[in-house]
Amino acid sequence: MIVPTTELAELLQGYRRFREHGWKPERERWATLRESQSPRVMVIACSDSRVDPSQIFDVNPGEIFVVRNVAALVPPFETAPGHHGVSAALEFAVQVLKVREIVVMGHGMCGGCKVALTQELRGSEPGKGGFIADWIELLDEARDPIAKEFGTEGREAERAMEQAAVKVSLENLRTFACVREKEKRHDLTLRGAFFAISDGVLHLLDERSGKFSPA
């Protein structure tokens with residue numbers, strides 16, 4: 001017999017609400033999704049529990065293909081041996097699902113961006129912060145001018161780092177040939193976004209000016 005923890009019990013309560021109010025009334029939708037999925041948008045977001053893309057964009061299952069990781073980062077294209085989870089998801093979204101838009105969504109109070117700024121985990125062993133440190137090294141180049149202008153602490157510096165991370169991921173997306181080619185043919189649009197937890201406002205990036213403005 002499974003003895004549920006408090007955490008599992010809460011999850012199961014939510015599951016039962018979903019079965020009653022989400023699954024049963026929408027059986028036709030679930031039957032369609034059982035056969036295939038055809039989302040037109042891929043969202044790359046942070047794993048932070050406070051920024052759920054499905055909730056922010058108020059979408060139904062099957063409408064967006066979501067990848068979440070620390071700081072919503074996309075590594076550049078590379079063929080070195082290893083496990084390339086983000087690259088695999090990107091390849092699937094672009095080549096198989098043929099999404100029309102990719103949205104990279106950063107957010108306020110991002111712990112990964114904060115650590116990238118302070119570099120407090122640098123030199124840590126894997127399992128003790130080392131995996132995080134290695135991952136957010138993707139932001140090292142973008143960090144330097146921010147640290148020089150704003151320092152490494154405080155919301156002004158953190159927000160600059162959070163928004164710079166979105167630009168880094170967009171730049172790295174374009175190192176993938178399949179992305180570049182589809183963007184050039186206007187079959188794919190790349191978009192930068194930033195969700196401010198403090199006020200609940202979504203900002204969109206104008207890549208020409210480099211500035212984020214409320215949507």
Side-chain angles (χ1 to χ4, degrees), residues 1-74 83-113 131-132 135 162-163 165-166 169-170 173 179 182 187-205 212-215:
M1 177 180 177
I2 296 175
V3 179
T5 59
T6 301
E7 291 76 17
L8 177 58
E10 291 174 355
L11 289 176
L12 292 178
Q13 287 176 7
Y15 158 71
R16 293 184 181 103
R17 289 193 299 271
F18 161 73
R19 283 282 298 178
E20 186 63 29
H21 304 292
W23 189 81
K24 286 183 180 179
E26 297 285 345
R27 287 193 182 186
E28 191 172 320
R29 175 191 298 276
W30 298 117
T32 301
L33 290 175
R34 179 184 62 194
E35 302 301 328
S36 64
Q37 61 170 323
S38 55
R40 298 179 64 188
V41 178
M42 176 184 192
V43 179
I44 300 169
C46 185
S47 299
D48 193 298
S49 62
R50 299 166 291 182
V51 283
D52 179 4
S54 295
Q55 185 176 40
I56 293 168
F57 295 113
D58 191 25
V59 294
N60 292 312
E63 292 185 16
I64 59 175
F65 183 76
V66 181
V67 172
R68 300 179 71 174
N69 62 50
V70 173
L73 294 178
V74 176
H83 298 95
H84 305 286
V86 177
S87 300
L90 174 64
E91 189 174 67
F92 183 73
V94 172
Q95 301 289 62
V96 179
L97 296 177
K98 302 187 187 308
V99 296
R100 300 282 303 177
E101 188 132 354
I102 299 176
V103 179
V104 178
M105 187 178 72
H107 72 96
M109 304 302 290
C110 177
C113 287
F131 288 125
I132 299 171
W135 178 247
E162 291 156 1
Q163 295 188 345
V166 173
S169 286
L170 288 172
L173 278 169
V179 171
K182 289 202 170 192
D187 291 333
L188 180 65
T189 300
L190 304 188
R191 191 89 58 189
F194 177 83
F195 180 73
I197 294 172
S198 58
D199 57 16
V201 175
L202 181 75
H203 295 73
L204 296 178
L205 171 65
F212 288 80
S213 301

Audit row: I102, V94, side-chain contact (heavy atoms from CB on, under 4.5 Å) steps and yes/no: CA-CA 9 Å; I102 299 176; V94 172; 4.0 Å; yes
Do other residues, nucleotides or ligands put more than 12 heavy atoms under 6.0 Å from the OH atom of Y15? no
Which atom of C110 lies closest to which atom of A71, heavy atoms considered: SG-CA, 3.8 Å
Flag the pair L205 / V104 as yes when at least one side-chain heavy-atom distance between them is below 4.5 Å, and no otherwise. no
Main-chain N/O of G106 paired with E162 side-chain donor or acceptor, under 3.5 Å: no
Hey, does E63 have a side-chain heavy atom less than 4.5 Å from the side chain of P39? no
With sequence neighbours excluded, tell me which residues meet salt bridge (charged side-chain N to carboxylate O under 4.0 Å, His left out) with E101. R191
Give, for atom OG1 of T189 and atom CZ of R40, the distance between the pair rounded to the nearest 0.5 Å. 10.5 Å
Closest heavy-atom pair, V86 versus W135, reported as atoms and distance to 0.1 Å, is CG2-CH2, 4.0 Å
Taking the side chain as C-beta and beyond, is there a heavy-atom pair between V41 and F57 under 4.5 Å? no
Which residues pass the side-chain hydrogen bond (donor to acceptor under 3.5 Å, both in side chains) test with Q95, sequence neighbours left out? none
Give a yes or no on whether R50 atom CZ has more than 12 heavy-atom contacts from other residues, nucleotides or ligands under 6.0 Å away. yes
OG1 of T32 to CD of Q37, rounded to nearest 0.5 Å, is 13.0 Å
Separation between OG1 of T6 and CD of E10, rounded to the nearest 0.5 Å: 6.5 Å
Quick one: list whatever passes salt bridge (charged side-chain N to carboxylate O under 4.0 Å, His left out) with E20, sequence neighbours left out. K24
If only atom types and distance count, is the side chain of R68 paired as donor or acceptor with the main-chain N or O of C46 below 3.5 Å? yes
Could you tell me which non-hydrogen atom of D187 sits nearest to which non-hydrogen atom of R100, and how far apart they are? O-NH1, 3.5 Å
Say you draw a straight line from CD1 of I197 to CD1 of I56; how long is it, rounded to the nearest 0.5 Å? 8.0 Å
Mutual orientation of the aromatic rings belonging to F194 and F212 [parallel < 30°, tilted 30-60°, perpendicular > 60°]: perpendicular
Min side-chain heavy-atom separation M105-L202 under 4.5 Å: yes
Among I64, V66, L90, V103, which residue satisfies the side-chain contact (heavy atoms from CB on, under 4.5 Å) criterion with M42? L90
Test item: P61 and W30 side chains (from C-beta on) under 4.5 Å apart, heavy atoms: yes
How close do S169 and L73 get, heavy atom to heavy atom, and via which atoms? OG-CA, 3.3 Å
Measure the spacing between CD of Q163 and NE2 of H203 and express it to the nearest 0.5 Å. 7.5 Å
